[in-house]
Engineer: 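The structure under discussion is supplied below as structure tokens; questions concerning it will follow.
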Amino acid sequence: MKRKPWKVMTAAALTSSLLLASACTSSGKETETKQKQARADLQVPVTDYTFDTAGNMFAYSEFELSGEPLAEALGLDLDVLDARKIDKPTKFDYTAGIESYEYSEEAMYEVTEKSGLGLHLIHGPVVEQMAKNVHKTSGEALEGRFYELADSVGYPREEIFRNMFPTLIEYASGDPHYAQKVDTSVYAENDDGTYVPVYQVDFQSLRWDRNKMEKVLTPSAYGGVFLKQALWAGDFLGGFHTVDKDEEIEAKTPNDDKDENIALGVSSADGMQGMILTEQIWNKLNYIRDHLFYDANSQSLAKAAGSRYNPAHGFVYLPHKIQVVEDGNPLAPKAKQLQVEDPRSLLQDQWLMLWPASEFYGMTDQRPENKNQNPAFLAVFDGAPYPSAPKENLDADAANDISSTDPYSVNRDVLLQIFKNIDAMHFNPEIGAFVDEHDGKQQGKRVDTFQAGYTIEALRIFERAIDGLPVGYASGEDAKGLETPEGKRALQLIKSQADFIIKHLMRKDGLVANGYVIGEGAEKSEPTLLAQLGAIRGLTAAFLATKNEQYRNAARNIYAAVDKHFWDKKLHVYRTGRGDIEYTPFVAGALSGVFRVALNNLNNTEADETVKALERETIISRYVDFYDRIIDGPNLKEGMQASEFWDTGDVYKKGDKSGNADHDHVPQVQAGHGKYGIAPILLNVEVKEK
């Protein structure tokens, strides 16, 4: 992917990035054009300011994949994109390559490095073990570790962010309003009057109110963050760069970085962020494996067994809610006690952990028989800066596996246990579908269409990872797989659930039912947009995994029905159901994902495929309307995207107190909703006719 400035905002790199970004400023005509796009025909007021971690991180993962990767796949030269050139070279290119992509990245950093929404990395299991090994405090050990990571990517130690709050694991929700005045004073100046505010290099003023956080560990929340971390880490560490010119180069062998002029990461700055994300993932996985699984027999928290786990001997799974009692340290909180509040296994929790663990497996995979490995990833996990896996854990024999804390082994333990539980606890073999919940003793009776559809997508990524096929941005590419037993079982589950959607959930009007209750049949409730999006994603995933055109055709038919029944021609938005039009991050993320698969996999490509809704131009038009009208909104106080900063064009200028330098409909962070502003995240909204 194209590397842009402002992935990391620190010291000397800041000034050069600033000069680069400021070289081409938006003309008055472009600004006027943007202002004329104000949507006077609709209102998009915020209905809830609560930050839903799972929904936001899920949505921003879909936004990421529907950003630069999508634009590039459709032929855009990413080098022509400039955050300051609004809607250039086309409105779609700018929306995908700048807005969708950068909104996604910044929201991740907001949660994992700035807000304090969770437990501090200083208490991570790996960090604490490092401290013990070198006879230092955890704080000293973490500082030394960050220096080590910086050295591995050629990043200046003195340019590491100040007052970071790197998270070990994240909480379920919080209040995204800043708890104090954001420091927008000048850090670095530029000749054209723009400047870098202090908050972009010093995160102290970006904390959220800890008293308003839901201090609960929910798999879909910390799993959603894990998904964002894994996708970006894979992007940042998927290549090498030259030390002298900081230019990205393709990885040819795992030993390329032994050259003094070649370092890990696609650039120094991106490499540093990739290392921080990987460090967080590594600690998080050890914490999850060793502390957050629940033994249904003993009704207590337990350690996961991974490849040695057998559900027939009793379920050990990730429960829906674990309450955290903190130790009272406001700067670097630690869990003093963990209390299981809701022991159920929910399907959403499981697939939102299976997906990221599969992505990370693709990064850390060191199995000798996998011939599709990226040499750049092998270089990261060759012992420095991250430990390699024991040979016993890299062969095909599970009987000789040993417990290990290295990234590959701990992730594999979590991955395989979740996969086995999805199969044993949530798959109902009698009907051939995934039920929504399991209480540890017995399955529930409801199949949720949205959750079942996304379980197919998670299983698709799992099958690719376990069979040694490319994941991440390359998850659509064809390659020869290893055909493992787990991969074969995943394909069986995918086919069964996809067949169930076609056979039991399709309605006469072309839409799908919201769900299915065992013993009663498909639900008769008014279909929701969310259910349709889940079915389209799931069926498209089934097509990609099996190459069975039946699934693609079914997905195309549902998409056409959605455009017929849900598209509001007057407001140019999709309705979400009968009555009010209400958008949550889950709806927004799923819609973004469906636009992507529609453009890549479902659009009309043959002469006999003439569905108007699936013409590429029509899909692109819907995509642009969605981001313009619902995400950005019609004015500064409305729309899902709460705020923005430099990455999407909102620079800081001396004398400009508007809080909206690029004159779009999204305010700067300090000028957003609330006394001190608000983080750049997604909010719940409703859409109304004005």
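Note that the structure is a prediction, hence the values are computed from the model and not measured.
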Engineer: Out of Thr53, Leu119, Val111, which one pairs with Tyr171 under the side chain to side chain contact (heavy atoms under 4.5 Å, CB included) rule?
Structural biologist: Leu119
Engineer: Hey, are the side chains of Asn283 and Pro125 touching, using non-hydrogen atoms and a 4.5 Å cut-off?
Structural biologist: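 Contact flag for Asn283/Pro125 side chains = yes.
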Engineer: Gln229 and side chain to side chain contact (heavy atoms under 4.5 Å, CB included): which partner among Glu170, Met57, Glu359, Glu279?
Structural biologist: Glu170
Engineer: Can Lys114 be said to sit on top of Phe645's aromatic six-ring, NZ or CZ under 6.0 Å from centre and within 45° of the ring axis?
Structural biologist: yes
Engineer: Within a strict 4.5 Å, meaning less than it, do heavy atoms of the Thr278 and Phe236 side chains meet?
Structural biologist: no
Engineer: Is there side-chain contact between Phe51 and Trp208, with at least one heavy-atom pair below 4.5 Å?
Structural biologist: yes
Engineer: Taking atom types as modelled, is there a side-chain donor on Ser104 or Lys228 under 3.5 Å from an acceptor on the other?
Structural biologist: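 Checked: Ser104/Lys228 side chains pair up, N/O donor to acceptor below 3.5 Å.
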Engineer: Heavy-atom distance under 4.5 Å between the side chains of Val225 and Lys284, does that happen here?
Structural biologist: yes
Engineer: So, Asp151 and Arg157, do they make that salt bridge, N to O below 4.0 Å?
Structural biologist: yes
Engineer: Counting N and O atoms only, with roles assigned by atom type, does the side chain of Asn286 sit under 3.5 Å from a partner on the main chain of Ile288, one being a donor and the other an acceptor?
Structural biologist: no
Engineer: In this structure, is the centre-to-centre distance between the rings of Phe203 and Phe161 below 6.0 Å?
Structural biologist: yes
Engineer: Just checking, any donor-acceptor pair under 3.5 angstrom between side chains of Asn660 and Ser658?
Structural biologist: no
Engineer: Would you say that more than 12 heavy atoms from the other residues, nucleotides or ligands in this model lie under 6.0 Å from the NZ of Lys245, or not?
Structural biologist: no
Engineer: Hey, do the aromatic rings of Tyr195 and Tyr187 have their centres closer than 6.0 Å?
Structural biologist: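 Between Tyr195 and Tyr187, the centre distance exceeds or equals 6.0 Å.
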Engineer: Verify whether one side chain among Glu64 and Trp232 offers a donor that lies under 3.5 Å from an acceptor in the other.
Structural biologist: yes
Engineer: For Ala263 versus Gly154, what's the shortest heavy-atom pair and its separation?
Structural biologist: CB-N, 4.4 Å
Engineer: Which of parallel (below 30°), tilted (30 to 60°) and perpendicular (above 60°) describes Tyr627 and Tyr623?
Structural biologist: tilted
Engineer: Would you say the side chain of Glu99 lies within less than 4.5 Å of the side chain of Phe63, judging by non-hydrogen atoms?
Structural biologist: no
Engineer: With a 6.0 Å cut-off on the ring centroids, do His177 and Tyr676 count as close?
Structural biologist: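 Between Tyr676 and His177, which both carry aromatic rings, the centre distance is not below 6.0 Å.
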Engineer: When the ring planes of Tyr386 and Phe381 are compared, do they come out parallel, tilted or perpendicular, using 30° and 60° as the limits?
Structural biologist: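 Geometry flag for Phe381 against Tyr386: tilted rings.
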Engineer: Are side-chain heavy atoms of Ile249 and Ile262 found at a separation under 4.5 Å?
Structural biologist: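 When only atoms from C-beta onward are counted, Ile262 and Ile249 do touch, with a gap below 4.5 Å.
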Engineer: Within a 6.0 Å radius of atom CD on Gln180, are there more than 12 heavy atoms belonging to other residues, nucleotides or ligands?
Structural biologist: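 Yes, because the 6.0 Å sphere around CD of Gln180 holds more than 12 heavy atoms from other groups.
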Engineer: Are Tyr101 and Glu106 close enough that a side-chain donor and a side-chain acceptor fall under 3.5 Å?
Structural biologist: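 Per modelled atom types, Tyr101 and Glu106 side chains form no pair under 3.5 Å.
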Engineer: Can you check whether Tyr361 and Tyr408 have ring centres sitting under 6.0 Å from each other?
Structural biologist: yes
Engineer: Would you indicate whether the side-chain heavy atoms of Arg210 and Leu117 approach each other to under 4.5 Å?
Structural biologist: no
Engineer: Quick check on side chain to side chain donor-acceptor pair (under 3.5 Å): which of Asp632, Asp647, Thr648 does Tyr103 satisfy it with?
Structural biologist: Asp632
Engineer: Relative to each other, are the rings of Phe595 and Phe626 parallel, tilted or perpendicular (30° and 60° limits)?
Structural biologist: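 Tilted, since the angle between the ring planes falls between 30° and 60°.
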Engineer: Which atom pair, heavy atoms only, marks the closest approach of Ser152 to Met275?
Structural biologist: OG-CE, 3.7 Å
Engineer: For the residue pair Gly672 and Ile678, what are the closest heavy atoms and their distance?
Structural biologist: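 Result for this residue pair: CA-CG2, 4.0 Å.
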Engineer: Please check this pair: side chain of Glu159 against backbone of Pro156, looking for a donor-acceptor N/O pair closer than 3.5 Å.
Structural biologist: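 Here the side-chain-to-backbone pair does not exist.
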